[in-house]
Number of protein chains: 2
Amino acid sequence: MITINDIAKMANVSISTVSRVLNGKGRVGKEKREEILKIAKELNYVPNYHARCMINESVFTVGFITPDITNPFFSELTRGIEIGILGKALLILMNSFRDPKTEEEMAERLKTSGTKGIIFGNSRVEDSFVSYISKFLPVVVFDKEYESEKIASVLLDNSYGAFKATKHLLDNGCRNVIHFGGTDELLVSVQRANGYKEAMKQAGLTPRIFKIGYDEKAGYKKAKEIVEKREKVDGIFCMNDLVAIGAMKALKEGGLKIPQDVAIVGFDDTNLCDYVSPSLTSIRQPAEEMGKSAATMLIDVIEGRCNVRKYVFSPTLVVRESSLKTRGQFS
Amino acid sequence: MITINDIAKMANVSISTVSRVLNGKGRVGKEKREEILKIAKELNYVPNYHARCMINESVFTVGFITPDITNPFFSELTRGIEIGILGKALLILMNSFRDPKTEEEMAERLKTSGTKGIIFGNSRVEDSFVSYISKFLPVVVFDKEYESEKIASVLLDNSYGAFKATKHLLDNGCRNVIHFGGTDELLVSVQRANGYKEAMKQAGLTPRIFKIGYDEKAGYKKAKEIVEKREKVDGIFCMNDLVAIGAMKALKEGGLKIPQDVAIVGFDDTNLCDYVSPSLTSIRQPAEEMGKSAATMLIDVIEGRCNVRKYVFSPTLVVRESSLKTRGQFS
DNA sequence: ATAATTTGGTAAAGCGTTTGCTCAAAGAGG
DNA sequence: CCTCTTTGAGCAAACGCTTTACCAAATTAT
């Protein structure tokens, strides 16, 4: 590695002179300046980032721990985060595959790697761990609220979203609406399940919840089962779009018509919704916006500009073909 | 920020003693050791990453510049890269939105940010820039080969893949096969277009190529146009799955049946293919594997374990419903 | 008892930069 | 011709940590 020292020797000047030339500070004679610049260029000199960091604040890094980057919701979120930190920081991405142990290890790794802040995306880590890690670094958590004044949150009213989704299915004539949910460890799952339950209760119906998971495979598998058992189901509210898409596939394979036989609503409103067929009704989370908010909030905390805040977003229902038993503008 | 020095003062020992305790090296009396550990814990001490980096090799970072993380192909690739660098390095992710200027800026930023290597995913940067940046950092490029011994590549025989795809459409009875391709700046586009042309030529047919872009919107828009103009088309080979999915939507909206009226083949074989309907025939790129190879190759170069290499992957045709005019096992 | 070794700890050199202070030389003003 | 300012450039400290050389005391061997 070539250093400022090497250049100084070559140019027969002191390192401070070299530094001054390279940073355009201080007064250095024209000849020396040009000589130094020439040598630096020839040697492909790049200032040592870490040495620099020890002195003045340079560009820093923040970490984003995501359950699964291949879920379009999270990739949109990621893009939002990136936009939010633009120019201020670099984004270190980590895929936890939804394993809480892995998530803790990753956070620990980020902590010891000079990262200035961590964003937990929809994570399963225990509250105690979040509290612990927040002692070392500013933290932003998606979908979870903390007592501590030190932990910022980006929230979406999941149970209200789920309520809306379920209500929509009921309003469209479904009676036997079931829910494909995630596991109880994930707060989001619980909240969405609650919203579903509430809507069912209000309609005087019995909720049926299947805790199946988070991806297409999970949705496919369970829907297949339901088709094979010929269960009496005319609507499914899925905890996310991937699950919904998997379920749709299984239903169609089973000869069931969507939405006539079974109506479906997903959650997240990823860009897939428009492109599956029938197009998928979903509860919209403004992923990119949410990512952006998380990022700017984190940067603000890191740079000491403000205290911890909380962003709350509202879910909105985006109606598409998969849920309209009474065919209207779509067909 | 709390440092080793603070701890030393509190414990009334020298900083070297503290360092020894923290690193488990050297001999330190039991009482002092415990005292020091206790203080360190109380103060939430974390060793300064940058200071550490200046002395011994710690975990380092590598950068991945991707056109668009929301494209499932790239998110799978990203996951592969992450797996490949696991434990060795942290991954800095950057979205260029396919803008070559942005890509250069990003690489430049990585260069000055202590990053030890860069992976260019399907990038549009000019060759001269890649050569330039490779003077400073090890570089791995997807889908592009370089003279320089310093630049590693992960390749896929795109034109062969495209050839296969087109051939498959022709073998299934299509005569008027068109191609939805990307722009000429992207080598991949050109290669895929070439494969398409070759297949058409061999069949004695005239190729028709539309340079439309890389996402669902582009595919949708162009297909809409074609439907409206009632062009004579019975097969479309799309440069990637997203374009294909967009096109499918437009065709279906136009009342055309897939594959009976128009057969479709995509490229990438993203996990979407299984979940759209009809399911999408596609040319498989083993994204995760490719990412993993790129990453291990980069790490190898960084750690001086080997010279630059080249990985070549083979595209395979994955047949699904969207391309089978003669209905067989699917229906 | 003396020499040799182990144990516990300190001081200082570096890693690569930046920057405040110093100082000499040169040019300007009286 | 002498002081005053400007210009150019070096020295050295600091950033936080690791590591080596080194020293003293305590323990062991001779």
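In what follows, chains carry the letters A, B, and so on, assigned in the order in which the sequence lines appear, proteins first and then strands, with residues in each chain numbered from 1.
A:Arg98 pairs by the salt bridge (Lys or Arg N to Asp or Glu O under 4.0 Å) definition with nothing, not counting sequence neighbours. The side-chain hydrogen bond (donor to acceptor under 3.5 Å, both in side chains) check on A:Asp68 picks up A:Thr70, B:Arg79, with sequence neighbours excluded.
Regarding A:Met1, its CE atom lies at a distance of 15 Å from the C1' atom of C:dG14, rounded to whole Å. When rounded to the nearest whole Å, the span between CE of A:Met54 and P of C:dT17 equals 13 Å. Going from atom OH of A:Tyr49 over to atom C1' of C:dT18 covers 16 Å, rounded to whole Å. If you take CG of A:Leu43 and P of C:dG16, they are 14 Å apart, rounded to a whole angstrom. Per the geometry, CD1 belonging to A:Ile2 stands 10 Å off P belonging to C:dG16, to the nearest Å. What separates CD1 of B:Ile55 from C1' of C:dC15 is a distance of 6 Å, to the nearest Å.
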Would you tabulate the nitrogen or oxygen pairs shorter than 3.5 Å linking the protein to nucleotides 7-10 of chain C?
from   : atom 1 : to      : atom 2 : distance (Å)
C:dG8  : N7     : B:Arg27 : NH2    : 3.3
C:dG8  : O6     : B:Arg27 : NH2    : 3.3
C:dG9  : OP2    : B:Gly29 : N      : 2.6
C:dT10 : OP1    : B:Ser14 : N      : 3.3
C:dT10 : OP2    : B:Ser14 : N      : 3.0
C:dT10 : OP2    : B:Ser14 : OG     : 2.9
C:dT10 : OP2    : B:Thr17 : OG1    : 2.5
C:dT10 : O4     : B:Arg20 : NH1    : 3.3
C:dT10 : O4     : B:Arg20 : NH2    : 2.7

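Of all the residues in residues 56-63 of chain A, not one reaches under 4.0 Å from DNA chain C with any non-hydrogen atom.
For A:Asn71 (side chain) and A:Phe73 (main-chain N/O), a donor-acceptor pair under 3.5 Å exists by modelled atom type. Looking at A:Thr115, its side chain never comes within 3.5 Å of a backbone N or O of A:Lys111 through a donor-acceptor pair. Between the side chain of A:Asn95 and the backbone N or O of A:Ile69 there is at least one donor-acceptor pair closer than 3.5 Å. At distances below 3.5 Å, not a single donor-acceptor pair connects side-chain atoms of A:Asn5 with backbone N or O atoms of A:Thr3. A donor-acceptor contact shorter than 3.5 Å is absent between the side chain of A:Tyr146 and the backbone of A:Val141.
If you check every strand for non-hydrogen atoms under 4.0 Å, B:Thr3 touches sugar and phosphate atoms only.
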N/O donor to acceptor pairs below 3.5 angstrom from side-chain atoms of residues 26-35 of chain B, sequence neighbours left out:
from    : atom 1 : to      : atom 2 : distance (Å)
B:Arg33 : NH1    : B:Val28 : O      : 3.3

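Nucleotides of DNA chain D that come within less than 4.0 Å of any heavy atom of chain B span, from the 5' end to the 3' end, D:dG16 to D:dA21.
With no hydrogens or angles considered, no side-chain donor-acceptor pair links A:Ser131 and A:Ser128 at under 3.5 Å. With 3.5 Å as the limit, one finds a donor-acceptor pair spanning the side chains of B:Tyr132 and B:Glu108.
When the shell of 6.0 Å around CD of A:Glu126 is examined, it contains 12 or fewer heavy atoms from other residues, nucleotides or ligands.
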